There are 2 protein chains.
Amino acid sequence: MINKKSTEDLSTEEKIKEAARTVFMKKGYSATRTRDIAEEAGINLALLNYYFRSKEKLFEIVMMEKMQKLFGGLVGIVTDNDTTLEKKIELLTIYYIDMLTQNPDLPIFVLSELRNNGEHLIKSLPIGNVLQQSALFKQLQVNRPDINPLHFIINILGSTIFPFVAKPMIQAVGNLNPKDFETMMEERKKLIPRWIRSMLQTK
Amino acid sequence: MINKKSTEDLSTEEKIKEAARTVFMKKGYSATRTRDIAEEAGINLALLNYYFRSKEKLFEIVMMEKMQKLFGGLVGIVTDNDTTLEKKIELLTIYYIDMLTQNPDLPIFVLSELRNNGEHLIKSLPIGNVLQQSALFKQLQVNRPDINPLHFIINILGSTIFPFVAKPMIQAVGNLNPKDFETMMEERKKLIPRWIRSMLQTK
DNA sequence: GTCTATAACCTGATAGAC
DNA sequence: GTCTATCAGGTTATAGAC
């Protein structure tokens with residue numbers, strides 16, 4: 001546990017950033033007050049501006065981190081020239097479900113803030129070109145030249161990410177407690193790769 | 001066109017509600033100022049409070065409408081005892097893609113506000129019981145008794161709704177202009193029912 | 001670097017004239 | 001019903017002492 005520093009050990013700057021992650025994630029940009037962040041960090045409001053100049057600058061740092069966390073992880077998998085198409089689908093599924101089980105609020109945060117306060121941040125991530133030129137894209141194109149590969153990417157991400165975006169709704173509809181929800185997501189790790197495989201074979 | 005009144009013809013109360021729909025939908029609850037709504041409605045700020053007492057009351061009216069619009073439409077389809085499972089899947093797909101093409105920002109609005117300001121509103125919609133006792137649920141259970149029917153519901157909704165939730169990301173990744181995006185969604189109306197069918201057959 | 005105090009502005013809501 | 005004016009409180013950001 002050498003990497004897991006307790007809050008008291010962190011530098012002031014890092015304490016503020018950590019508090020900002022927590023509060024922005026929970027409330028979104030607009031509903032967050034800098035006072036909330038200062039309180040969460042256990043420091044004074046003035047220090048926040050001393051280190052980060054403004055609420056918006058601090059938000060952009062957090063937002064970039066979260067976008068990276070949501071979309072950065074897939075790069076290593078999709079660009080690997082040594083894995084089969086089927087293996088990539090399996091790895092993506094497991095990666096996303098595990099990562100989102102640890103960070104269930106990540107996608108709704110990123111996707112909703114992207115629309116409200118950060119559409120200009122999309123261009124910062126070169127994820128578009130990476131994906132278009134990836135091994136996965138080419139493999140999909142070879143397998144199903146009749147269908148835009150983007151459809152399959154959407155399906156993989158939709159199958160894994162959507163349940164977390166709609167989590168409150170799904171829990172209500174299915175009468176699921178948090179443990180039930182996690183169990184279902186665990187089931188999906190096996191089901192989704194099978195489903196995507198069958199999609200690829202369906203003419 | 002007898003139902004389509006121009007803005008000037010509406011009652012003041014309806015003008016304010018219409019403006020509230022527009023502004024809340026665009027900015028979300030927290031980022032919306034009652035002054036924005038008043039201006040959009042072409043009336044004075046005081047009138048908003050005269051008709052609706054508070055920002056929150058007005059928001060709840062809009063939010064209930066939007067939840068109804070997002071989830072109410074599926075009730076008629078899933079409870080129909082006279083359509084086959086396959087027909088229901090086709091109808092749900094077409095219904096959602098058409099409706100969301102007209103209202104692309106609806107799902108991200110509802111799902112993100114649900115988390116921030118309206119989790120207590122979920123219970124207002126009896127969608128949970130309706131779905132659990134629906135013909136669709138029973139048909140899924142008969143077809144695949146080995147898999148929780150909720151998985152398939154999530155897949156149908158995920159395939160149709162997720163692309164709209166992630167729209168800015170998808171457009172950036174795929175280098176799509178709005179017309180391209182619509183074309184892809186149109187393609188999905190044919191593809192998704194095929195995919196779900198093949199899922200149901202995949203052991 | 002860290003704090004207190006406060007400036008400068010914004011926001012939801014209401015009072016009161018018409 | 002509709003308006004103008006304004007209140008009371010909140011919000012970001014900074015000045016200035018330590």
Side-chain angles (χ1 to χ4, degrees), chain A residues 5-66 109 112-113 116-118 120-121, chain B residues 5-66 109 112-113 116-118 120-121:
Chain A
K5 292 185 185 171
S6 78
T7 309
E8 293 78 30
D9 296 340
L10 300 173
S11 69
T12 301
E13 186 172 348
E14 197 50 48
K15 267 195 285 187
I16 296 172
K17 239 196 271 184
E18 186 57 33
R21 289 184 192 106
T22 304
V23 182
F24 278 136
M25 191 77 124
K26 185 172 170 190
K27 304 197 183 194
Y29 176 78
S30 297
T32 293
R33 293 164 301 158
T34 49
R35 278 173 168 76
D36 297 337
I37 298 175
E39 190 183 0
E40 173 79 22
I43 53 94
N44 188 276
L45 172 60
L47 266 186
L48 186 151
N49 290 88
Y50 173 77
Y51 280 103
F52 297 97
R53 266 200 31 145
S54 75
K55 176 184 177 181
E56 201 179 336
K57 299 264 182 215
L58 179 53
F59 175 76
E60 290 204 355
I61 291 170
V62 173
M63 182 65 180
M64 288 298 292
E65 276 184 20
K66 298 298 182 184
F109 170 79
S112 75
E113 296 297 336
N116 299 326
N117 308 293
H120 64 103
L121 295 174
Chain B
K5 294 184 185 172
S6 76
T7 310
E8 293 77 31
D9 296 339
L10 300 173
S11 70
T12 301
E13 186 171 348
E14 196 50 50
K15 268 195 284 188
I16 296 171
K17 236 196 273 184
E18 186 56 35
R21 289 184 192 105
T22 305
V23 182
F24 278 137
M25 191 75 124
K26 186 173 169 189
K27 303 196 183 196
Y29 177 78
S30 296
T32 293
R33 293 163 301 158
T34 49
R35 280 171 170 78
D36 298 336
I37 298 175
E39 190 183 1
E40 174 79 22
I43 54 94
N44 189 275
L45 173 59
L47 267 185
L48 186 150
N49 290 88
Y50 173 78
Y51 279 102
F52 297 97
R53 266 198 29 142
S54 74
K55 176 184 177 181
E56 200 178 337
K57 299 262 181 217
L58 180 53
F59 176 74
E60 290 205 355
I61 292 170
V62 173
M63 182 67 179
M64 288 299 291
E65 277 183 19
K66 296 299 181 183
F109 171 79
S112 75
E113 295 299 334
N116 299 326
N117 309 292
H120 65 104
L121 296 175

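Bear in mind that the values here come from a model prediction, so they are computed numbers and not experimental data. All chains are named by letter (A, B, ...) in the order of the sequence lines, taking the proteins before the strands, and each is independently numbered beginning at 1.
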Novice: How close or far is atom C1' of C:dT2 from atom CD of A:E39, stated in whole angstroms?
Specialist: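 Atom-to-atom, A:E39 to C:dT2, this comes out as 18 Å.
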Novice: Quick one: closest heavy-atom pair of A:K27 and A:T32, and the distance?
Specialist: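 Where A:K27 meets A:T32 most closely, the heavy atoms are CB-OG1, 3.6 Å.
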Novice: For A:R33, enumerate each residue passing the side chain to side chain donor-acceptor pair (under 3.5 Å) test, keeping only those at least two apart in sequence or located in another chain.
Specialist: A:D36
Novice: Which heavy atom in A:A19 sits nearest to a heavy atom in A:I37, and how many Å separate them?
Specialist: CB-O, 3.5 Å
Novice: Rounding to 10°, can you tell me the angle the first-five-pair axis of the helix from C:dG1-D:dC18 to C:dC18-D:dG1 makes with its last-five-pair axis?
Specialist: 10°
Novice: Rounded to whole angstrom units, what separation is found between the CG atom of B:L48 and the P atom of C:dT14?
Specialist: 11 Å
Novice: Which value, rounded to the nearest 0.5 Å, describes the distance between B:K66 atom NZ and B:E113 atom CD?
Specialist: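 It comes to 12.0 Å.
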Novice: Quick one: ring-ring contact (aromatic ring centres under 6.0 Å, His included) partners of B:F59, sequence neighbours excluded?
Specialist: B:F24, B:Y29
Novice: Hey, does A:E13 have a side-chain heavy atom less than 4.5 Å from the side chain of A:F52?
Specialist: yes
Novice: Counting only non-hydrogen atoms, which of residues 50-63 of chain B are less than 4.0 Å from DNA chain D?
Specialist: B:Y50, B:Y51
Novice: Rounded to the nearest 0.5 Å, how far does CD1 of B:I16 lie from CD of B:E40?
Specialist: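 It is 12.5 Å, given to the nearest 0.5 Å.
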Novice: With sequence neighbours left out, which residue pairs that include part of residues 47-59 of chain B fulfil the side-chain hydrogen bond (donor to acceptor under 3.5 Å, both in side chains) condition?
Specialist: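 Output for this query is empty, none listed.
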Novice: Given D:dG1, D:dT14, C:dA13, identify the nucleotide with an atom nearest to the side chain of B:L45.
Specialist: C:dA13
Novice: Write down the distance between CG (B:N44) and P (C:dA13), rounded to a whole number of angstrom.
Specialist: 14 Å
Novice: Between D:dT2 atom P and B:E13 atom CD, what is the distance in whole Å?
Specialist: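 Taking CD of B:E13 and P of D:dT2, I get 10 Å after rounding.
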Novice: If every non-hydrogen atom of A:I43 is compared with every non-hydrogen atom of A:L48, which pair is closest and at what distance?
Specialist: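 Smallest interatomic distance, heavy atoms only, reads CD1-N, 4.3 Å.
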Novice: Around A:E39, counting heavy atoms of other residues, nucleotides and ligands shown, do more than 12 lie under 6.0 Å from its CD?
Specialist: no
Novice: For DNA chain C, which residues in residues 25-38 of chain B have a heavy atom at a distance below 4.0 Å?
Specialist: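 Output list: B:T32, B:R33, B:T34, B:R35.
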Novice: Would you mind reading off the distance between B:N49 atom CG and D:dA5 atom P, rounded to a whole angstrom?
Specialist: 18 Å
Novice: For B:E14, give me all partners under side chain to side chain donor-acceptor pair (under 3.5 Å), at least two apart in sequence or on another chain.
Specialist: B:R21
Novice: List for me each residue that meets side-chain contact (heavy atoms from CB on, under 4.5 Å) alongside A:L121, sequence neighbours excluded, and say none if there are none.
Specialist: A:E60, A:M63, A:M64, A:M67, A:S124
Novice: Polar pairs (N or O, both sides) under 3.5 Å between protein and nucleotides 16-18 of chain D?
Specialist:
none

Novice: Sequence neighbours left out, what passes side-chain contact (heavy atoms from CB on, under 4.5 Å) with B:A46? Give chain and number order.
Specialist: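 B:A46 satisfies side-chain contact (heavy atoms from CB on, under 4.5 Å) with B:N44 once adjacent residues are dropped.
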